[in-house]
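Below, read A as the first sequence line, B as the second, and so on, with proteins coming before strands; counting in each chain starts at 1.
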Number of protein chains: 4
Amino acid sequence: MVPLNEEQLTQIRDERKEQIVAAAVKVFARRGIVGTKMSMIAAEAGISHGLLYHYFKSKEELFTTLIEEAMAESLRETTNVNHLAGSPLDKIRAFTEAILDKENMEYFLLVHHARTSNDVPEKVKEIFSKNNMNVYVDLLKNIIVEGQAKGEIVAGDPEKLIVSYISVLSGIMVINANDMEVEGYRIPEIDLLMRIVQKVPE
Amino acid sequence: MVPLNEEQLTQIRDERKEQIVAAAVKVFARRGIVGTKMSMIAAEAGISHGLLYHYFKSKEELFTTLIEEAMAESLRETTNVNHLAGSPLDKIRAFTEAILDKENMEYFLLVHHARTSNDVPEKVKEIFSKNNMNVYVDLLKNIIVEGQAKGEIVAGDPEKLIVSYISVLSGIMVINANDMEVEGYRIPEIDLLMRIVQKVPE
Amino acid sequence: MVPLNEEQLTQIRDERKEQIVAAAVKVFARRGIVGTKMSMIAAEAGISHGLLYHYFKSKEELFTTLIEEAMAESLRETTNVNHLAGSPLDKIRAFTEAILDKENMEYFLLVHHARTSNDVPEKVKEIFSKNNMNVYVDLLKNIIVEGQAKGEIVAGDPEKLIVSYISVLSGIMVINANDMEVEGYRIPEIDLLMRIVQKVPE
Amino acid sequence: MVPLNEEQLTQIRDERKEQIVAAAVKVFARRGIVGTKMSMIAAEAGISHGLLYHYFKSKEELFTTLIEEAMAESLRETTNVNHLAGSPLDKIRAFTEAILDKENMEYFLLVHHARTSNDVPEKVKEIFSKNNMNVYVDLLKNIIVEGQAKGEIVAGDPEKLIVSYISVLSGIMVINANDMEVEGYRIPEIDLLMRIVQKVPE
DNA sequence: CATGAATGAGCGTTCATTCAT
DNA sequence: CATGAATGAACGCTCATTCAT
């Protein structure tokens, strides 16, 4: 006979919001911004479409939230690489493994759609124009330079090398990110990719 | 006002159709299936949207036509590689160069959308389920095997190697295929990519 | 935490109900039936929107209640005029003053919306079809007739005169009942309006 | 076998647009901005709702167009009064007659809704903030002043008098503007209203 | 062959109403 | 009695498709 207390409400809200976000990531990743209908997200989350609007005031806001979270998470992960133990090459390998984790696919597709689509919310465009690849380059440059000094990593402009490598990894993720049973592309083995940066001892 | 004869009409039809196809490729590549409006294609082709329906029965049919043409063209190009002169490594390099040609980006995006989207026409799904990567693998396997025999190309399962390499190249193309104004990914230099397959002389 | 007794509960109910009615009048008057959202009333009353439904079964019922109260009140006021002291013209003046009171604006707007809107509850339509202007006419006719006999009020069909005068006053109220910040209409001075009914001594 | 020529198209477009505007005025006047559904306008105009959007890009734009036309028309009519022949009092009477014309009711309701509703398009708010009553006052002031000089019109601040009179007339129109068969308000006879401004010879 | 007016299915979003707590 | 999470009908608007000219 008494309304739910603040704590319970907060818990319900957090759960629902998480539930929606998870559903939205899944659907947006697979179908893109335009291809995703709010009803699909609602269905995926197992709620009514009306309820979506209690938690996110629009499709735009929902997508923007997702991107913000994704960007933050990716930054966090990249930052982690620097704190790993081991040689520069070990770090690159760890970074590669972390990126190529299948768990990350939805994230990559999300960002790919956000970068690619013309129907992206204005706010997301801003995020990308401010928060470009440079952040990652800066985070990883030291590793490359150090690796080059040690003779573990091929010579050449470190920034070019990083961007190229990230491009390869991102491409791999995006290209493989669908569960089509159809025989298609494949995620290359890490050793194979590492050859791009790894210096071969003469 | 003499009525056009059969031949002239056919010519007009063919020209128009080509015009529409070119416009459609451009728009579909950039905006995906759902993101592309028939009116955009009409505008890009410089014709009325009504006219589109004289040449293509529906958006689905138009997209399907595009994919069929693209698949055929890609097969044609891949076949060409085998007829090139030079060492296996030279052929791989030529193949790489041919693929990374910016001219091909629209094609890669098109195929990416076709593979990725859930809103793809049934017929396109069939095309992909029949016409999978194996064709390319078969076309390029000989080159790899020969290269391995010559010690130019790294050891290992040739098919895995091919699929991985094509995945890398395709990923690169898809990931780079948008507005280059924004600082972002980059197409790696060919030498850098070739390291994936190239055997380093000991 | 002793449970409230019957009497206290009734009191709470009555207070709440009054609180809601006051809020509803305010919002409905300013925004009309369709323009008023239940959430606005709840916010204005400082309660949750869920609670509204403990006191009023629906938006329709709430609005209907408001109209019923307003009609009763207006009848009460009009009746009062007859009991005033003074000449017929004094009574008309008092009536005019009472009506043009700014306090009454919400009432007039409410009735205006109820009369005007097509989305009005069926029950309200009934109220208007039964309880029409005749009641007021009957209440005021004597005053007019008496005034005409005394030469204070212009000659002519008393009923026509009353309805016309009430129309003018009502129109004035409705037209002036919004944001006065904007330079716009104005409530005329009473003397000016009285000229409509007042006979000028020759 | 040939597309319609420019002239025919223009004619169709003009007819349709007129048809829509007429329907929209009717519905908006009767039901207000929020109460009017685009489907109602479409039904009233006898077209599909989709077609509305070929001619007006939104409900807002449609409403704004209506208001702009109404304001222009009202200004035109008011201006006309000054060019009439006759005494100042004749002019006022002509003005009164013109306003009280039943044809104008929809216009008055439209403006009333535009002035009253909180959901009015921003552009309409601007129109009202710029184009306030002063225009009309200025147009009619001379008539009043002249009439006062001639002893035809009561003494007093001419502007107050005009605004009051316009308020009365507008109120009358708004209050009477529904075809409810229910006995209700009535449009007063003109002589009765004219007494507000008319000076009685002593 | 070519045009654009016209239609209607479908999507994003709002809001009255219900109900578990 | 009181709260706010949850639902779904309904509305504004878009766009693929049709068809008269």
Between C:His49 and A:Ser39, whichever has its closest DNA chain E nucleotide further toward 5' is A:Ser39

Separation of F:dC11 C1' from D:Leu52 CG (nearest whole Å):
13 Å

Starting at CZ of C:Phe63 and ending at P of E:dA16, how long is that distance when rounded to a whole Å?
14 Å

Spacing of A:Tyr53 atom OH relative to F:dG12 atom C1', expressed in whole Å
13 Å

Using a heavy-atom cut-off of under 4.0 Å over every strand shown, decide if A:Tyr55 touches base, sugar-phosphate, or nothing.
sugar-phosphate

With sugar-phosphate meaning primed atoms plus P, OP1 and OP2, does D:Thr10 contact a base, only sugar-phosphate, or nothing at under 4.0 Å between heavy atoms?
nothing

What is the distance from CZ of A:Phe28 to C1' of E:dC11, rounded to the nearest Å?
13 Å

Nearest to the side chain of D:Arg13 - E:dT17, E:dA5, F:dT7?
E:dA5

Take B:Val34 and D:Ser58, find for each the nucleotide of DNA chain F with the closest heavy atom, and name the residue whose nucleotide sits nearer the 5' end.
D:Ser58

Could you work out, with salt bridge (Lys or Arg N to Asp or Glu O under 4.0 Å) as the rule, every residue matching D:Lys17, not counting sequence neighbours?
none

Roughly, in whole Å, what's the span from CD1 in A:Ile47 to P in E:dA20?
18 Å

How many whole angstroms separate atom CD of A:Glu15 from atom P of E:dT21?
13 Å

Could you tell me if the side chain of A:Lys123 sits less than 4.5 Å from the side chain of A:Glu68, heavy atoms only?
yes

Can you check the C:His54 NE2 to F:dC1 P distance for me, whole Å?
7 Å

Are the side chains of D:Val25 and D:Tyr107 in touch, meaning some heavy atoms are under 4.5 Å apart?
no

Residue matched to F:dA20 through Watson-Crick or wobble contacts both under 3.5 angstrom
E:dT3

Please determine, for the side chain of B:Ile12, which listed nucleotide (F:dA6, F:dT3, E:dC1) has the closest atom?
E:dC1

Let's see if you can work this out: which of F:dG8, E:dA16, E:dA2 has an atom nearest to the side-chain heavy atoms of B:Arg16?
E:dA2

Which is it for C:Ile47 and C:Ile41 under the side chain to side chain contact (heavy atoms under 4.5 Å, CB included) test, yes or no, and what are the steps along the way?
CA-CA 9 Å; C:Ile47 62 174; C:Ile41 298 176; over 6 Å; no

Nearest nucleotide by nearest heavy atom, which residue falls closer to the 5' end of DNA chain F, D:Met40 or A:Gly50?
A:Gly50

For the side chain of B:Met38, starting at C-beta, report the closest nucleotide among F:dT17, F:dC11, E:dT17.
F:dT17

Whole-Å gap separating P (E:dG12) and CD (A:Glu61)
15 Å

